[in-house]
Amino acid sequence: MSRTASCGWPWPFTGWENIFVNKYFTNRRAGIKRSALSKGITAWVLGWLLVLAFGITAVHAADLTYTQPLQNVTQSLTGQGITSDTYFVKEDYWDVQQAKLIFYYQVSQLADQRTSDITVVLNGVKFASFRPKNAAGLQTETIQIPLRLLAGSNHLQFMGQVLTTVAGTAQRVQTPANWLTVYPESNVNFVYALKPPEPAIRSFYAHFSGMDTISNGLSGIAVPQGPRNAELTAATYALAGYSRVMTNEQDQVPIAPFGTADLAKRVYQVVIARADRLPASLRGSISQTELAKGAVIRTVYRGGTYYLVLTARTDALLIKAARFAANQELMTQTRAAEKTITAATPTYSSSLQDNNGHYQLTAAGTQLTGAGRQSAAYFVRLPMDQTNAAGSQVRLTFRYAQNLDFARSLVTVYINDTPIGSQHLRRTAANQATLALNIPAKLAVGDAITVRVAFDLALAGSGSQDNDQTPWAYVAPQSELFVRTKPVTDQLFSNYPSLFLKNNRFNQIAIVRPRTMTPSDFATLTNIVNLLGNFAKSNTGEVVYYTGQPAAAVLANHNVIAFGTPRANSYIHALQPHLYFQFNKAETGFVSNEKLSIEAAYGRTLGTAQLLRSPVNKNHVVLVVTGGTPQAAYLGSTQINFQKNISQHAGDLIAVDSDNQLYNYRFKKTASPTAPKSPVKRLLKRSSLVIFLTVAAVIFIVLAVLVVLLLRKYGRQSGKGREE
């Protein structure tokens, strides 16, 4: 901060110069004693002391804090030797002053306090150990994290042993009583100062999408008042791009008109508008010469607000610029403050390398040491619109020590905590072992699979060797998960939003919006796009906005999302006969139906999300987020905004009232639009029955031929007898 007095003296001389300078020289000329000078100096010194005091206070006040939950769920670990893996992130623009681990856990009430211990490991370096108390209930441990060990992405491990006490003696025998539970309340608390964003686009991107920025509500996407459909399309691509890389599970970045209350306190803003519709305060920052070359992406920092302006003279180039902004790789690589986007600029996301269903478990290999049970977990993401099919396998390549008790040592593989198979370790295969286990076709895995490989490394001899580090196992990089997938076509919220995605990208989405959008409509749109963006791993695919009734060809070839009230959205008005919850004649609220009796006034408070089978093409869906008022329609969108919310709903209609009372219903008799198989196809699918019928038919034919031959034979003989 630099402040200057009117006379040119630097602050804190401002105001004090009357005492020190003017008074001293004026009074000196008047013959006043030097006491005035001493008073002036005293006042000046006091001024600086106050500045220093307030300055120090201001520095401490500027220190920020952020509490980041560890990226795991409750883990209950059983066994004498325990290992728990979790992760957390530090933003690059943080100047970290302090980091503390707050560890919430519960340990067996039988744990021996003298011999049980837990060691904390960060990025492979052990830095703290403690002994859990042998007390019942939740316990906490606060541990300072050495700043020198922090990286951008951090791997945190809890390792140790839980030994139980029987008759006053610590038992080294592994039993179900040796357990530790790690709770998701565990977190890392940072105290830090912000490094201000540089003009570079990548610096703005880091700040805009940072965990603390989003959590504190400081990021937003601005569009013009009364946005055009192309501007909303561009804003959707941009928001989806940020949503897919966000780690905040309960926060989002809103889309709102520039200068409105929703954006007033958001100091990081992406402004998306056609060049002729840019806000007046930003229009002068982009020259016509620059716009003649193509779309422009540029950082503009002013008045304490940091803007990233996306603009172009044409809709097509504006949307192209938004696709660039939705590409994390491109944004983090752009060191310049300005980027020109032309029709020839590549903006698409890099391909997802799943290698036709082959997913590598570990790139560098995993080393496990210590006796007892040791395990490693691997996470694999599947395309959202696919699920596990017959033929999927876990294929392990691994090595292990040769000093094991091979009668008791084994490896077990779990899929989402469900064991799928085990194998005893053999001395002859210690240097190069392989294991292939089939994943049951009926095992539901969703869009994410956790593969856990657990080794029971038992030592020969007495249990006194259980702390020995010589037992080890190594999972090699050749290990993989092979997933044979099949499409998921169920038109239910249990399959949302994959119904609107294909191969991890937007699948021909038409969004029908109110012609004039209210703040509640913008909030509804934000909720819809937020969850879609979480699952769209690519910035390709198509999203197109419409006002009014889309053409028949659009409805036949697109999955449709319509939001708002039927009075503001003519497409929703036209869908009235197809809605599961239908409106009254005035279209101000819902009326009773076969699932729920609805009082008239109560019907005006309900918001719904209804997942309809398209009346035009049964293979497509129509998501209608609506209510009697924009505020009510917004309520319907509050259950399709985050994964934790949508996971609670399995039907095809969600209703929410103003008191957050939820209703879930299913109206479709068949979830999948796939036509029922013909009797012949159904019969052919049952191979055992087909074989049985085939064998029976062959036997029947053979018997029939035998009967015919016998009849012929005896018929001839009887004919000869009559002739004689």
Side-chain angles (χ1 to χ4, degrees), residues 197-209 219-242 253 255-260 263 266-303 305-350 506 538-547:
E198 300 170 0
I201 289 174
R202 71 173 189 172
S203 180
F204 172 90
Y205 182 85
H207 282 73
F208 181 93
S209 57
S219 297
I221 295 178
V223 294
Q225 295 282 352
R228 294 176 178 172
N229 286 332
E231 291 166 332
L232 286 177
T233 297
T236 297
Y237 287 131
L239 176 55
Y242 288 112
V253 176
I255 299 175
F258 186 86
T260 56
L263 298 176
R266 299 182 182 271
V267 296
Y268 299 95
Q269 297 184 24
V270 176
V271 181
I272 299 176
R274 281 270 296 263
D276 56 339
R277 290 164 52 79
L278 275 174
S281 60
L282 297 174
R283 197 170 299 166
S285 61
I286 311 293
S287 70
Q288 294 302 314
T289 303
E290 295 167 323
L291 289 168
K293 299 176 184 178
V296 175
I297 301 176
R298 183 175 181 176
T299 56
V300 180
Y301 301 163
R302 58 178 55 166
T305 302
Y306 304 93
Y307 300 104
L308 181 70
V309 179
L310 277 66
T311 189
R313 289 178 174 175
T314 66
D315 292 344
L317 280 176
L318 181 64
I319 293 172
K320 190 76 180 286
R323 288 189 188 273
F324 186 98
N327 188 317
Q328 181 188 26
E329 295 168 314
L330 296 177
M331 291 292 282
T332 55
Q333 295 166 10
T334 307
R335 298 172 180 268
E338 181 178 314
K339 177 70 178 179
T340 300
I341 308 297
T342 67
T345 303
T347 61
Y348 52 84
S349 301
S350 58
F506 295 130
S538 169
N539 67 345
T540 56
E542 181 184 80
V543 176
V544 185
Y545 277 78
Y546 295 90
T547 50

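Each residue takes its place number in the sequence, starting with 1. Not measured: the values here are computed from a predicted model.
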* Structure fact -> For Gln288 and Arg313 the tightest heavy-atom approach is OE1-NH2, 2.9 Å

* Parallel, tilted or perpendicular: rings of Phe258 and Tyr307 (30°, 60°) -> tilted

* Asked: Can Thr347 and Asn327 be counted as having a side-chain donor-acceptor contact under 3.5 angstrom?
  -> no

* Between Ser538 and Thr540, does any side-chain donor sit less than 3.5 Å from a side-chain acceptor? -> yes

* To do: Working to the nearest 0.5 Å, report the span between CG of Leu318 and CZ of Arg277.
  => 10.5 Å

* Asked: Taking the side chain from Ser203 and the backbone from Ala200, do they hold a donor-acceptor pair closer than 3.5 Å?
  -> no

* To do: Could you tell me whether the side chain of Glu338 and the main chain of Thr299 form a donor-acceptor pair under 3.5 Å?
  => no

* With a 4.5 Å limit on heavy-atom distance, are the side chains of Arg228 and Val223 in contact? -> no

* **Contacts of Arg266 that satisfy salt bridge (Lys or Arg N to Asp or Glu O under 4.0 Å) - sequence neighbours left out** => none

* Shortest non-hydrogen separation from Leu317 to Ala295 and the atoms involved -> O-CB, 3.5 Å

* Gln333 CD to Arg202 CZ distance, which is reported to the nearest 0.5 Å -> 9.5 Å

* To do: With rounding to the nearest 0.5 Å, note down the distance linking CD1 in Ile272 to CD1 in Ile297.
  => 9.5 Å

* **side-chain contact (heavy atoms from CB on, under 4.5 Å) evaluation trace for Lys339 with Arg298** => CA-CA 6 Å; Lys339 177 70 178 179; Arg298 183 175 181 176; over 6 Å; no

* To do: Scan side-chain atoms only and decide if Thr236 and Thr233 contain a donor-acceptor pair under the 3.5 Å cut-off.
  => no

* Structure fact -> Rounded to the nearest 0.5 Å, the CD1 atom of Ile286 sits from the OG1 atom of Thr311 at a distance of 7.0 Å

* To do: For Val300 and Ser285, work out which heavy atoms get closest and say how close.
  => CG2-OG, 3.7 Å

* Distance in Å, Tyr301 OH paired with Leu308 CG, rounded so as to fall on 0.5 Å steps -> 7.5 Å

* Identified ring pair (Phe, Tyr, Trp, His ring centres under 6.0 Å) partner of Tyr242 from the options Tyr205, Tyr268, Tyr237 -> Tyr205

* **Note, Leu310 side chain near Val271 side chain (heavy atom, < 4.5 Å)** => no

* Roughly how far, to the nearest 0.5 Å, is the CD1 atom of Ile319 from the OG1 atom of Thr314? -> 9.0 Å

* For atom CZ of Arg283, is the number of surrounding heavy atoms from other residues, nucleotides or ligands below 6.0 Å larger than 12? -> yes

* Please answer whether the main-chain N or O of Arg323 pairs with a side-chain N or O of Asn539 as donor and acceptor at a distance below 3.5 Å. => yes

* To do: Give the minimum heavy-atom separation between Lys320 and Ala343, together with the two atoms involved.
  => NZ-O, 2.9 Å

